[in-house]
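Comments concern the structure below.
Model, not experiment: these values are computed from the prediction. All heavy atoms count here, side chains included; hydrogens, waters and symmetry mates do not.
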Amino acid sequence: MVAVIVKVAGLVALVAVLLHSYYGDRVAFLPSSSQKGTIDGPFGREAALLGALQKALRTRHPLPLFIGLGYNTNLDLVVDALEVVQALGVQPPQGPTEHPVISSATDLQETFGHYFKQGSAAERYVADVPLFERLDAQASAVYSTGGNAALMANRLAELGSEVFLGGPIGPRLAELLHPNIQHMGGEGTKDEVHLILEYPRGAQWGHLTAPRANRFIAVHDETNSQLLALEEFHAAMEPFEPDLIILAGLHLLEGQPDQVRRERVGAVRRAVEETDPEVDVHFELASISDEDLLLLVTTQLISHVDSLGLNEQELGALVQALGKMDSCNSECKVRVAELELSAFTSPTVHTVTDALKLVFQVLDHKDPQQRLLTRIHFHYLSFHVVAERRTTPTASARWRRWGSGAMSVVGGSLGATARACGDGRWDVSTADVEVRLQRETLPQAHHDERRTDVHIDPVEPVTMWEEGDAVYYLAPVLVCKRPTRTGWCTPFR
């Protein structure tokens with residue numbers, strides 16, 4: 001579970017909100033000059049939604065949270081994607097396809113082309129060392145904090161939490177961390193470097209056009225790719241006594257042989273099992289194209305954490321992995337077949353909620369000694385959904401402890417917009433954003449012999465509905481027309 005967004009309105013279950021939700025009174029958007037603060041101007045829908053979102057987000061005082069974050073930490077070098085591939089002489093492929101590991105310039109050409117064409121974020125391990133060095137040579141020397149764990153750690157420390165960060169932290173990264181962060185690393189620790197290849201919406205690469213702004217991450221990272229910080233991090237958790245542990249970075253195992261993957265995922269599972277059951281555990285998924293690794297992570301870890309965060313691409317891949325599990329019966333396999341991977345490129349709310357229901361169903365288990373996934377925070381360009389299962393009185397009490405799911409999803413929506421448009425500044429104009437969520441009706445199961453449909457309104461700040469033992473909260477996102485960044489701000493997903 002994600003206990004982090006107390007500052008905004010109750011804690012949330014996903015990294016996107018963890019990174020981008022702030023106190024309600026810090027979110028300061030400005031009307032466009034032509035609109036003059038009314039909802040009757042050319043940006044009336046945007047102004048109406050913004051006002052409703054801000055009204056829904058009540059300010060709360062922060063709780064004294066202690067949060068442990070592992071495992072991926074690094075330095076980021078951000079570069080213009082098209083400048084880099086063109087400098088390397090890489091041409092757009094005729095038939096883009098993805099590769100789980102980049103072992104040649106052809107692999108880079110095809111994999112980057114695949115995600116560029118979709119406008120989807122991706123991260124790949126570059127096994128070809130000379131190729132990675134050529135990529136690195138194109139980058140500037142302006143370093144920034146990188147890695148899900150390190151980025152979240154800085155944000156949470158800024159919001160007043162006490163944070164312990166587990167991952168490789170060398171001298172440059174240490175200088176970029178908030179002073180409230182306790183961390184591993186020391187003399188002799190090397191900073192790992194990841195290359196962030198960014199491109200804007202509408203970018204042209206030969207015959208390919210990017211439908212949205214996004215990024216492709218290239219890494220050759222020996223420390224994070226083997227989760228070498230794992231054991232030291234978890235050993236530090238008992239004396240630190242966290243309220244919440246957030247885990248990320250398992251996608252970097254894609255570059256490892258099967259034996260190493262199984263050993264490291266198994267080590268994470270054992271560490272979670274040995275964690276005090278009163279400490280909530282949230283797992284942030286990332287892009288995993290290798291089906292065997294994703295199935296391993298799903299069966300060994302996702303089914304045994306309290307909370308999960310993921311985006312549309314990751315949700316689509318997870319659904320396909322569920323179809324291979326023993327707990328997926330014949331009815332489940334039919335539902336998996338209906339939820340085609342292509343449906344998650346630009347998913348409807350109906351597709352997303354059907355997929356979330358399936359995740360809860362297939363990953364359900366009856367072992368009272370094990371954690372059970374009871375909360376998912378889905379983040380997409382135009383909307384967020386928080387889904388909470390109320391399977392037991394204990395689960396219900398746990399989510400009440402962390403606050404309102406409605407305010408969590410609103411906090412994620414507002415924070416994503418401010419982060420993408422303002423690069424951390426809060427003076428975003430409504431002229432710079434747009435509503436992209438479409439009106440939609442979700443057919444629901446019978447309740448008391450009546451069928452209750454859910455109507456999605458693009459300018460309604462929160463839509464809430466119940467189905468089975470789960471409660472769903474949806475908030476639209478004001479999409480930045482010209483984002484100043486694509487990394488680490490929900491819309492990248």
Side-chain angles (χ1 to χ4, degrees), residues 1-6 9-18 65 67-68 242-248 250 268-269 271-285 297-311 314-315 318-319 321-322 325 327-328 332 335 352-379 384-409 411-412 445 462 464-475:
M1 296 162 244
V2 176
V4 176
I5 224 160
V6 168
L11 304 175
V12 297
L14 104 148
V15 166
V17 178
L18 298 178
L65 294 176
I67 304 172
D243 300 296
L244 166 73
I245 292 176
I246 304 172
L247 303 178
L250 272 73
V268 176
R269 166 73 179 271
V272 171
E273 290 176 339
E274 293 168 3
T275 298
D276 184 335
E278 293 299 312
V279 177
D280 301 327
V281 178
H282 170 81
F283 175 57
E284 186 66 18
L285 190 59
V297 170
T298 302
T299 56
Q300 293 297 308
L301 186 60
I302 295 177
S303 58
H304 293 87
V305 296
D306 302 298
S307 169
L308 175 67
L310 76 177
N311 68 15
E314 295 150 8
L315 179 59
L318 177 59
V319 166
L322 296 178
M325 294 181 61
S327 53
C328 186
C332 164
R335 292 172 64 190
V352 169
T353 52
D354 275 0
L356 296 180
K357 286 185 283 188
L358 189 62
V359 172
F360 280 143
Q361 174 191 323
V362 178
L363 298 185
D364 195 11
H365 62 75
K366 307 302 180 184
D367 186 349
Q369 303 303 314
Q370 296 286 341
R371 296 174 187 271
L372 177 66
L373 179 67
T374 54
R375 182 168 172 125
I376 303 174
H377 195 131
F378 169 83
H379 40 108
H384 284 198
V385 175
V386 168
E388 298 175 354
R389 289 188 74 191
R390 308 292 174 85
T391 53
T392 65
T394 300
S396 297
R398 168 174 271 160
W399 297 125
R400 284 197 301 271
R401 172 178 56 167
W402 296 133
S404 164
M407 286 189 285
S408 294
V409 78
V462 179
M464 187 273 285
W465 68 96
E466 297 184 30
E467 188 164 358
D469 62 4
V471 182
Y472 297 84
Y473 304 90
L474 178 143

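When side chains are defined from C-beta on, Leu358 counts as touching Cys332, because their heavy atoms get closer than 4.5 Å. Residues Leu474 and Val352 are not in side-chain contact: their nearest non-hydrogen atoms beyond the backbone lie 4.5 Å or more apart. The shortest side-chain heavy-atom distance between Leu363 and Ile302 falls under the 4.5 Å cut-off. Put simply, the side chain of Arg375 does not reach to within 4.5 Å of the side chain of Asp306, judged on heavy atoms. For the pair His304/His365, a side-chain contact is recorded, criterion being any heavy-atom separation below 4.5 Å from C-beta on. For the pair Leu247 and Glu284, the minimum side-chain heavy-atom distance is 4.5 Å or more. Looking at heavy atoms from C-beta onward, Glu388 lies out of side-chain contact with Phe360 at the 4.5 angstrom threshold. A heavy-atom distance below 4.5 Å is not found between the side chains of Thr353 and Phe378.
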Original post:
Could you walk me through whether Arg371 and Val281 pass the side chain to side chain contact (heavy atoms under 4.5 Å, CB included) check?
Top reply: CA-CA 9 Å; Arg371 296 174 187 271; Val281 178; 3.6 Å; yes
**OP:** Start with the C-alpha distance between Val279 and Asp243, add both sets of side-chain angles, then the distance that settles side chain to side chain contact (heavy atoms under 4.5 Å, CB included), and finish with yes or no.
**Re:** CA-CA 5 Å; Val279 177; Asp243 300 296; over 6 Å; no
Original post:
Between Leu318 and Leu310, is a side chain to side chain contact (heavy atoms under 4.5 Å, CB included) present by the stated rule, with each step listed?
Top reply: CA-CA 10 Å; Leu318 177 59; Leu310 76 177; 3.9 Å; yes
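In this structure, the separation between CD on Glu273 and CD on Gln369 is 11.0 Å, given to the nearest 0.5 Å. The distance from the SG atom of Cys328 to the CD atom of Gln361 is 7.5 Å, given to the nearest 0.5 Å. Taken from NE2 in His282 to CD1 in Ile246, the straight-line distance is 6.0 Å, to the nearest 0.5 Å. Going from atom CG of Leu322 over to atom OG of Ser327 covers 7.5 Å, rounded to the nearest 0.5 Å. Note that CD of Glu466 is 11.0 Å distant from OH of Tyr472, once rounded to the nearest 0.5 Å. Within the model, atoms OG1 of Thr299 and CE of Met325 stand 6.0 Å from one another, a figure rounded to the nearest 0.5 Å.
In this structure, Gly68 and Pro242 approach most closely via the heavy-atom pair N-CB, 4.1 Å.
Arg389 and Asp364 are joined by a salt bridge, as a carboxylate oxygen and a charged side-chain nitrogen come within less than 4.0 angstrom of each other.
Using modelled atom types, one side-chain atom of Glu314 and one backbone atom of Asn311 make a donor-acceptor pair closer than 3.5 Å.
Between His384 and His377, the two ring planes are perpendicular [angle over 60°; tilted spans 30° to 60°].
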